[in-house]
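Step one of this worksheet: look at the structure below.
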Amino acid sequence: MTRKEIWVVVERIDDEIEDVSLEILGKLTVLAKSSGYKIVGIVLGTAKETVLREVIRYGADRVILLKHERLNEYSNDLYSKVLFDLASSEFPTALLIGATYYGRDLAGRLAARLRTGLTANAINLEMDEEGLLIFGVPAYGGKIMAEIVCERARPQMSTVRPGTFTKVYDRDRKGETVELIPDLSSVQDRVRVIERKVTKSKDLTKSERTIVGGNGIGGDISLIRKLAELTNSDVGVTRPLADKGIAPRELQVGTTGYSLKSKLTLILGVSGSEHFTSGIRDCGTVISIDIDKESEIFNHSDYCVVGDVSEIVPAVIKKLEEKR
Amino acid sequence: MRNIIVCLKVVPKSENIIFDPVTKRLDRSKAENQINEADKTAIEIALRIREKQGGRVILLSMGPPLFENFLKLGVAMGADDAILLSDRNFGGADTYPTALVLSTAIAQIGNYDLVLAGEESSDAALGQLPGQIAEFLDIPQVLFATSVEAEGEKLRVKRRIKGGHETVETSLPVMVSVEMGAVQPRFPDFKKMKWALSQFHLTVWSSRDLGLREEVTGIKGSFTFVRGLSEITPSRRKRVFIEGDVAAKSAKLAELLRERPRT
Ligand SMILES: Cc1cc2nc3c(=O)[nH]c(=O)nc-3n(C[C@H](O)[C@H](O)[C@H](O)COP(=O)(O)OP(=O)(O)OC[C@H]3O[C@@H](n4cnc5c(N)ncnc54)[C@H](O)[C@@H]3O)c2cc1C
Ligand SMILES: Nc1ncnc2c1ncn2[C@@H]1O[C@H](COP(=O)(O)O)[C@@H](O)[C@H]1O
């Protein structure tokens with residue numbers, strides 16, 4: 001029998017929990033309110049008490065800690081082993097994972113081993129009376145949303161796009177913590193990490209004001225960095241700029257980057273492909289500059305300026321500097 | 001290096017797909033098809049590894065007969081062989097039976113050291129198939145790779161992680177998915193293209209050739225179903241055009257940018 005439980009794999013680096021894990025919990029607190037389903041956070045490694053408490057405050061009714069030194073860092077082989085063992089003995093209704101690089105790395109193997117369906121990159125989540133989850137997934141570059149269900153197998157599995165749902169924090173929420181020590185003596189990690197390079201950059205999903213540059217800025221982002229500084233904004237880019245290494249991948253907006261929720265977004269030299277515009281859907285005011293008056297980006301903008309970025313941006317900078 | 005197998009998919013260009021909001025159906029008839037961009041990157045990586053380490057590059061795809069010419073395009077890029085997995089029963093598959101069919105074929109090809117795929121397909125955008133294939137083959141996986149180097153019995157891969165990169169090492173055989181644009185794919189050779197279209201014999205395997213029962217493939221073997229489609233409507237934007245010369249436009253922009261964001 002499946003348990004009336006929805007599990008969330010909580011991704012973390014040391015004491016810092018990935019936002020997407022908390023966002024999924026937040027969405028579930030809303031969904032589960034009327035349904036009687038329990039929300040369970042699965043934490044791996046030797047996480048501190050404070051981490052477990054946070055998982056509860058953000059929405060979990062129960063936290064299961066799979067406690068083992070070897071689980072402190074993500075490993076496809078080890079994570080899929082312990083999560084398979086746990087899920088196949090406890091049988092939750094659903095198992096959700098953030099669509100981060102690690103999350104997507106894990107989800108495929110785990111779903112295959114559990115012999116269940118897997119939905120990817122959900123941006124919407126609903127539940128019917130029978131506990132069937134309806135996953136909303138962008139398809140064809142974000143033009144269309146497909147509603148996907150998994151009727152024939154449990155747990156229903158999906159990854160969830162970061163930045164889609166809202167965290168819900170409740171200081172007073174109470175929950176239970178269970179500690180399990182998995183047996184890892186027989187599992188080998190077949191992928192050995194030799195080097196890791198991570199730059200701590202600003203998390204774009206939290207940005208209040210963003211200036212996004214596309215191919216139309218001509219390969220040099222120093223100008224928009226300056227404008228960003230003057231207007232207290234963060235910088236984002238389209239994928240081609242990240243591909244070319246003009247800006248780091250963490251600044252990429254769109255289906256394979258981040259979704260913005262900025263109150264004010266300025267978009268410079270971007271053609272408005274669906275892969276990109278899906279990432280600005282939840283923005284407040286959107287202003288765009290493009291040299292082509294037919295640019296699709298204008299259909300996604302509140303204020304449209306037809307013009308050359310290399311001409312207008314310096315003029316704007318000058319205006320802003322004058323009046324400071 | 002033993003066989004290098006590249007999984008590739010043919011996808012419609014998304015800008016040509018028309019959604020009919022009334023019938024809620026997709027019209028793909030006007031859509032031009034192409035090899036999924038990231039899979040082309042995977043072919044290029046395979047060819048470069050073969051140039052250094054030897055081995056045979058075999059292209060593998062599950063799909064309808066229309067995929068044939070695209071596999072031949074891959075042969076014209078330099079692949080040694082191509083196999084299409086095609087069967088009526090394979091239709092409507094979600095990732096589970098797709099991975100099952102592909103991994104069964106990979107096992108049947110045998111003698112492989114490396115299985116390559118793209119990071120994700122532009123029409124499905126799941127990116128989770130490679131992990132499923134790796135599971136069925138019981139081999140390790142490295143996904144979202146930006147560089148792949150073979151060193152004797154080992155593979156050294158740089159992969160994308162949040163906020164940066166990891167360099168990892170694995171033993172062979174291994175499944176690797178590669179990022180679109182990690183290397184620039186070469187163009188198909190014109191002479192080879194002519195040869196591929198006229199002389200090259202493409203292998204086609206059906207479910208029977210793979211020894212797979214009908215119930216485990218295609219729509220019958222799938223766990224997920226698309227229950228409905230809807231158009232994602234862009235949030236209603238004002239689309240106010242700011243007119244005037246550069247000075248007027250930049251003055252208005254400066255004003256908009258100076259405003260405190262509403263909270
Ligand atoms: C699987 C997959 C995933 C993808 N994921 C993403 C993603 O997450 N994010 C993303 O952004 N893209 C993504 N893409 C790519 C996407 O489809 C587009 O190719 C990309 O968004 C285009 O970027 P762009 O608008 O910067 O460039 P272009 O399409 O080249 O547009 C440049 C624009 O700048 C304008 N311009 C040129 N010069 C000037 C000037 N001097 N002044 C003003 N305007 C000028 C042009 O008129 C044009 O509108 C993905 C693609 C695939 C296949
Ligand atoms: N039908 C298919 N046949 C062969 N390879 C495929 C097929 N579908 C997906 N792939 C491979 O799996 C990768 C990831 O696809 P997806 O999980 O659909 O995003 C693609 O880039 C291809 O390399």
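Within every chain, numbering begins at 1; the chains are lettered A, B, ... in the order of the sequence lines, protein sequences first and strands thereafter.
With chain B as the partner, the residue from D308(A), V306(A), L227(A) showing the most heavy-atom pairs under 4.5 Å is V306(A). Chain A forms the most heavy-atom pairs under 4.5 Å with one residue out of K252(B), E119(B), E255(B), and that residue is E119(B). Note: R239(B) leads R239(B), K162(B), H165(B) in heavy-atom pairs under 4.5 Å with chain A.
Heavy atoms closer than 4.5 Å to chain A are found nowhere in D245(B), neither backbone nor side chain. When heavy atoms are compared at a cutoff of 4.5 Å, Y258(A) approaches chain B solely by way of its side chain, counted from C-beta outward. In this structure, the portion of R249(A) lying under 4.5 Å from any heavy atom of chain B is its side chain and not its backbone. Proximity to chain B is absent for every atom of I297(A), based on heavy atoms less than 4.5 angstrom apart.
Applying a 4.5 Å heavy-atom cutoff, the residues of residues 93-103 of chain B that approach chain A are T95(B), Y96(B). For residues 129-136 of chain B, the interface with chain A (any heavy-atom pair closer than 4.5 Å) comprises G131(B), Q132(B), A134(B), E135(B), F136(B), sorted by residue number.
Using a 4.0 Å cut-off between a side-chain N of Lys or Arg and a carboxylate O of Asp or Glu, K226(A) and E321(A) qualify as a salt bridge. Comment: D302(A) does not engage K238(B) in a salt bridge, judged by the lack of any side-chain N to carboxylate O separation of less than 4.0 angstrom. Taking a cutoff of 4.0 Å between a charged side-chain nitrogen and a carboxylate oxygen, K81(A) and D189(A) do not qualify as a salt bridge. Ion pairing of R48(B) with E44(B) is present here, as a side-chain N (NZ or NE/NH1/NH2) and a carboxylate O approach within less than 4.0 Å.
Of the residues L85(B), N89(B), T217(B), the one that meets the side chain to side chain contact (heavy atoms under 4.5 Å, CB included) test with L212(B) is T217(B).
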Donor-acceptor pairs are to be reported for all side-chain atoms of residues 147-154 of chain A against protein atoms at under 3.5 Å, with residues two or more places apart or in another chain.
unit_1, atom_1, unit_2, atom_2, d
R152(A), NH1, K220(B), O, 3.0
R152(A), NH1, S222(B), O, 2.6
R154(A), NH1, C150(A), O, 2.9

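Partners of E296(A) by side-chain contact (heavy atoms from CB on, under 4.5 Å), not counting sequence neighbours, listed by chain and number: N299(A), H300(A).
For the pair I161(B) and R196(A), the minimum side-chain heavy-atom distance is below 4.5 Å.
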